[in-house]
Amino acid sequence: MIVNKTHPEIIASRRAKGITYLTLMEKYIYFPKQVCHFLGISKEKFIHFDNDGASWSMFINNDPDGFTVTYDKGFKIASRALAAMIQRSTGREFGSRFYVKKTSSKKGEAIVYEIMTKAEVIIPKNKKKVKTSQ
């Protein structure tokens with residue numbers, strides 16, 4: 001395998017510092033651009049979710065029965081009903097971020113990703129750059 005600056009894991013680590021997460025909003029689920037590269041999410045793919053109580057997982061494939069994604073500085077699944085289901089089952093507030101972890105499981109040929117509903121994603125804020133006089 002060739003690893004260079006176009007490798008999905010390298011792209012994902014540039015801005016997210018290696019953090020793979022999704023954000024639960026009231027009307028949609030948001031995937032940052034770098035995470036989309038890492039997970040292989042694109043407009044041509046569909047995302048499927050699996051739920052067992054507060055446990056959630058997802059996989060991505062070409063089956064149109066899955067949720068479609070739209071692009072706006074990252075990919076979104078515009079589904080108020082899905083967002084509400086995740087919010088109710090996890091007890092987390094809208095605006096919460098969830099880690100997404102690759103598993104060794106597969107659904108057909110698709111890799112299954114676990115949505116870590118118990119862990120809180122904390123993204124360090126960048127320090128403001130202070131302009132110095134010369």
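What you are looking at is a predicted structure, and each value in this text was computed from that prediction instead of being measured.
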Rounded to the nearest 0.5 Å, how far does [atom2] of [Y] lie from [atom1] of [X]?
X	Y	atom1	atom2	result
F75	L39	CZ	CG	11.0 Å
Y30	R97	OH	CZ	9.0 Å
S55	M116	OG	CE	9.5 Å
M25	I86	CE	CD1	13.0 Å
Y113	K101	OH	NZ	13.5 Å
S79	I47	OG	CD1	11.5 Å

Show the nearest heavy-atom pair for residues [X] and [Y], with the distance to one decimal.
X	Y	result
F49	I29	CZ-CD1, 4.4 Å
F59	A110	CD1-CB, 3.9 Å
A54	S89	CB-O, 3.4 Å

So among N51, V112, V100, which one has a side-chain contact (heavy atoms from CB on, under 4.5 Å) with S57?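 It is V112; the other options fail the test.
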Does any part of the side chain of [Y], heavy atoms only, come nearer than 4.5 Å to the side chain of [X], both counted from C-beta?
X	Y	answer
Y28	T70	no
K45	N62	yes
D50	K107	yes
I111	K102	yes
F46	D65	no

Please test I115 against M58 for side-chain contact (heavy atoms from CB on, under 4.5 Å), starting from the C-alpha separation and ending with a verdict. CA-CA 7 Å; I115 300 171; M58 64 181 208; 4.2 Å; yes
